[in-house]
Every structure is written in structure tokens, then in C-alpha cells.
**Student:** 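Below you'll find the structure I mean.
Note that the coordinates shown come from a computational prediction; the quantities given were computed from them, not determined experimentally. The first residue of the sequence shown is numbered 1, and numbering continues consecutively from there.
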Amino acid sequence: MRIVLQRVNKASVSIDDIEYSSIHLGYLLLVGVEDSDGEDEIEYLIRKISNLRIFEDSDKKMNLNIKQVNGEILSVSQFTLYADTKHGNRPSFVKAGKPSYAEKIYNDFNQKLLETGITVKAGVFGADMTVQIENNGPCTIIFDTDNK
């Protein structure tokens, strides 16, 4: 799995110009899945993301996790995280998970995040979405379970 995590003041996802989900302080997660991903990758990412300390404490140090600031998560599926751009100018997406499998892993991931007690909202898997963010920092972290 690959996840791009952005610390945000607010984020939203719209479909056909209608807002579908929105959050305030927290994380926007762009989530990519490949066919070899499973429970081990989900558990690893849940542990890392729910405990990641990138919110400032009273000393202005990145020392607080999302639960400590009552943050929320907006999770958006994004198969393009598995784009292969090595050859030519048109990316290949053959490394991205097959849609039916990727959707299952994405939904399982979101459910396990929710079980940590964090408010989790999501986009619609496979939909053409517009994502708006107000990045905080900016602070962007990339997780790739192939490098765990």
C-alpha cells in the first residue's frame, strides 16, 4: 500500500460539484492499493498513522498524534499512486490493484482506522472526485509498505 498523508486544517471531497465529505483539523490520506496488499499492510499503516506525532505541542514541537488534537481523517482512494512513469510519457497503472480487490482493502483499511476511535470520512472508491485541502505546514508524509 502507498499512502500520501497531508496534515490539514480542513479538507473536502466533492463529486459532480456536490460536497460529499469534509473534515477540519486532521489528515487527508490518499490511499493506493496493489494486489499483494493485505492484513499485514493494513495493520502496519493503522499503527503508524494513528500514532504519528506531527501536531505541535505547547512548545511548538511536533509531538502530538491525531487523537490528542481530536483530529479527523479524510481517506481518498487513489490508484494513480502506483503509476509507472519509467517509459514514455503516458503512465502505466498495471501495478495498481484490481478494482474489486483494491476496494475491499481500502474499505477494510478505513474500517480499522475507525476502530481506533478516530473520526474517519471517505470519498467514493473509483469516483471522479475533486479534493480541496488547506495544507497545514505544509506537512506531507509518504508511507509505502514495500519499505516498512
Side-chain angles (χ1 to χ4, degrees), residues 1-15 17-86 91 93 95-99 101-148:
M1 291 178 74
R2 287 186 184 151
I3 294 182
V4 175
L5 177 153
Q6 294 184 310
R7 185 180 66 187
V8 298
N9 292 326
K10 61 184 175 180
S12 66
V13 63
S14 298
I15 302 169
D17 295 322
I18 298 169
E19 186 175 286
Y20 182 80
S21 293
S22 65
I23 64 165
H24 292 284
L25 182 69
Y27 300 149
L28 170 70
L29 303 181
L30 303 175
V31 182
V33 175
E34 62 183 334
D35 287 331
S36 62
D37 292 329
E39 194 65 30
D40 288 345
E41 288 76 16
I42 291 171
E43 292 298 327
Y44 170 79
L45 289 166
I46 297 301
R47 186 175 64 256
K48 295 300 278 185
I49 291 167
S50 64
N51 293 302
L52 186 67
R53 299 182 335 185
I54 61 171
F55 291 97
E56 292 181 351
D57 63 15
S58 59
D59 294 326
K60 303 289 185 194
K61 290 187 178 188
M62 286 185 178
N63 202 26
L64 302 176
N65 67 39
I66 192 166
K67 294 179 213 171
Q68 292 170 304
V69 298
N70 295 315
E72 303 173 289
I73 290 176
L74 177 56
S75 175
V76 178
S77 63
Q78 189 168 353
F79 74 94
T80 59
L81 291 177
Y82 279 97
D84 182 349
T85 58
K86 290 180 184 171
F93 300 105
K95 292 183 180 179
K98 291 177 186 65
Y101 184 74
E103 183 174 14
K104 178 192 178 317
I105 295 297
Y106 171 71
N107 289 334
D108 289 351
F109 170 76
N110 290 337
Q111 180 60 40
K112 298 252 184 198
L113 264 179
L114 192 59
E115 290 170 8
T116 67
I118 301 169
T119 298
V120 178
K121 298 181 181 175
V124 174
F125 186 90
D128 185 6
M129 297 173 277
T130 301
V131 180
Q132 293 187 329
I133 67 167
E134 184 177 300
N135 202 316
N136 178 329
C139 180
T140 303
I141 310 289
I142 299 172
F143 295 95
D144 187 334
T145 57
D146 288 343
N147 302 319
K148 63 181 178 180

**Student:** Measure the spacing between OG of S75 and CD of Q111 and express it to the nearest 0.5 Å.
**Tutor:**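 S75 OG to Q111 CD: 12.0 Å, rounded to 0.5 Å.
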
**Student:** Would you kindly say whether N65 and R53 are connected by a side-chain donor-acceptor distance under 3.5 Å?
**Tutor:**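 No donor-acceptor contact under 3.5 Å links the two side chains.
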
**Student:** List the steps and the verdict of side-chain contact (heavy atoms from CB on, under 4.5 Å) for F93 and D84.
**Tutor:** CA-CA 6 Å; F93 300 105; D84 182 349; over 6 Å; no

**Student:** Taking all atoms of both residues into account, what is the closest heavy-atom pair of I42 and I105, and its distance?
**Tutor:** CD1-O, 3.9 Å

**Student:** With heavy-atom distances below 4.5 Å as the criterion, would you say the side chains of M129 and Y20 are in contact?
**Tutor:** no

**Student:** Using side-chain heavy atoms (C-beta onward) and a distance below 4.5 Å, is I73 in contact with T119?
**Tutor:** no

**Student:** Does NZ or CZ of K148 lie under 6.0 Å from the centre of the six-membered ring of Y44, at an angle within 45° of the ring axis?
**Tutor:**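 That pair qualifies as a cation-pi contact.
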
**Student:** Give a yes or no on this: more than 12 heavy atoms of other residues, nucleotides or ligands lie within 6.0 Å of atom CD of Q132.
**Tutor:** no

**Student:** Which heavy atom of E34 sits nearest to which heavy atom of Y101, and what is that distance?
**Tutor:** O-CE2, 3.9 Å

**Student:** Hey, are the side chains of E72 and K121 touching, using non-hydrogen atoms and a 4.5 Å cut-off?
**Tutor:** yes

**Student:** If every non-hydrogen atom of N110 is compared with every non-hydrogen atom of A122, which pair is closest and at what distance?
**Tutor:** ND2-CB, 3.9 Å

**Student:** Taking NZ, NE, NH1 and NH2 as the nitrogens, is one of them in K112 or E43 under 4.0 Å from a carboxylate oxygen of the other?
**Tutor:** yes

**Student:** For R47 and S50, work out which heavy atoms get closest and say how close.
**Tutor:** O-OG, 3.6 Å

**Student:** Of the non-hydrogen atoms in A83 and P91, which two are nearest, and what is the gap between them?
**Tutor:** CB-CB, 4.0 Å

**Student:** Is there side-chain contact between V131 and L28, with heavy atoms separated by less than 4.5 Å?
**Tutor:**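 They are in side-chain contact.
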
**Student:** Using side-chain heavy atoms (C-beta onward) and a distance below 4.5 Å, is T80 in contact with L30?
**Tutor:** no

**Student:** Looking at D59 and K61, would you say the former's side chain and the latter's main chain have a donor-acceptor pair under 3.5 Å?
**Tutor:** no

**Student:** Go through the steps for F55 and Q68 under the test side-chain contact (heavy atoms from CB on, under 4.5 Å), then give the verdict.
**Tutor:** CA-CA 9 Å; F55 291 97; Q68 292 170 304; over 6 Å; no

**Student:** What's the separation between atom CZ in R2 and atom CG in N147, rounded to the nearest 0.5 Å?
**Tutor:**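 Atom-to-atom, R2:CZ and N147:CG are 8.0 Å apart.
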
**Student:** Do K67 and T116 have side-chain heavy atoms sitting under 4.5 Å apart?
**Tutor:** yes

**Student:** Return the minimal non-hydrogen interatomic distance between C139 and I54, and the atom names on each side.
**Tutor:** SG-CD1, 3.8 Å

**Student:** Quick one: are M1 and F143 in side-chain contact, heavy atoms under 4.5 Å?
**Tutor:** no

**Student:** Which class fits the ring pair F125 and Y106: parallel under 30°, tilted 30 to 60°, perpendicular over 60°?
**Tutor:**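 The rings of F125 and Y106 sit tilted, inter-plane angle from 30° to 60°.
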
**Student:** Please round to the nearest 0.5 Å and tell me the distance separating atom CG of L25 and atom CD of E134.
**Tutor:** 10.5 Å

**Student:** I'd like to check V13 versus L74 (side-chain heavy atoms, cut-off strictly below 4.5 Å). Are they in contact?
**Tutor:** yes

**Student:** Please report the interatomic distance CG(D144) to CD1(I3), rounded to the nearest 0.5 Å.
**Tutor:** 10.0 Å

**Student:** Can you measure from CD1 (I66) to CD1 (I49) and round to the nearest 0.5 angstrom?
**Tutor:** 9.0 Å

**Student:** Nearest 0.5 Å please: distance from the OG1 atom of T140 over to the OH atom of Y27.
**Tutor:** 12.0 Å

**Student:** Walk me through it: do D35 and K98 pass the test side-chain contact (heavy atoms from CB on, under 4.5 Å)?
**Tutor:** CA-CA 7 Å; D35 287 331; K98 291 177 186 65; 3.0 Å; yes

**Student:** Around atom CG of D128, are there more than 12 heavy atoms from other residues, nucleotides or ligands closer than 6.0 Å?
**Tutor:** no

